[in-house]
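Any value given below was found using the heavy atoms of this structure, including those in side chains, with hydrogens, waters and symmetry copies removed. Remember, it's a predicted structure, so these values are computed and weren't measured experimentally.
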Amino acid sequence: MQALSDAKAGENYTIKWMFGLPEVLEFLHSHHVEEGCDVQVIQKMTDGVIIAVQDTRFVLGNEIADRIQV
């Protein structure tokens with residue numbers, strides 16, 4: 001397992017587990033970012049990562065992406 005912030009751009013991953021503030025997890029869950037779902041890493045930046053989940057794209061800061069293991 002590795003943190004989502006360390007994942008390689010262009011690859012698909014399955015989220016194994018995630019933790020963080022309840023408000024952040026609630027937002028992510030409401031947008032189908034949860035354990036067991038597949039995400040694609042679109043692009044890595046110095047302070048975050050762009051991911052695609054279903055038909056939605058998100059920019060996650062490294063402080064959040066560090067708490068998501070794939």
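- Without hydrogens or angle criteria, K44 side chain to K8 main chain gives no donor-acceptor distance under 3.5 Å.
- A continuous path of ILVMFWY side-chain contacts below 4.5 Å connects V53 to F27, so both sit in one hydrophobic cluster.
- Nearest heavy-atom pair across A3 and D66 is CB-O, 3.9 Å.
- Heavy atoms of other residues, nucleotides or ligands lying less than 6.0 angstrom from CD of E11 number more than 12.
- The aromatic rings of F19 and W17 lie parallel to each other, with less than 30° between the two planes, well short of the 60° mark.
- Judged by distance alone, with hydrogens and angles left aside, the side-chain atoms of N62 form a donor-acceptor pair with the main-chain N or O of T46 at under 3.5 Å.
- Side-chain contact between Q2 and V70 is present, with at least one heavy-atom pair separated by less than 4.5 Å.
- When all heavy atoms are compared, the tightest approach of Q43 to A9 is CA-CB, 4.3 Å.
- Under the 4.5 Å side-chain contact rule for hydrophobic residues, L25 and L4 share a cluster.
- By the 4.5 Å heavy-atom criterion applied to side chains, D38 and N12 are not counted as neighbours.
- Across E34 and M18, no two heavy atoms sit closer than the pair CA-SD, 3.8 Å.
- Residues V24 and R67 fail the side-chain proximity criterion, which asks for heavy atoms closer than 4.5 Å.
- Cluster membership for I42 and F58, using ILVMFWY side-chain heavy atoms within less than 4.5 angstrom, is not shared.
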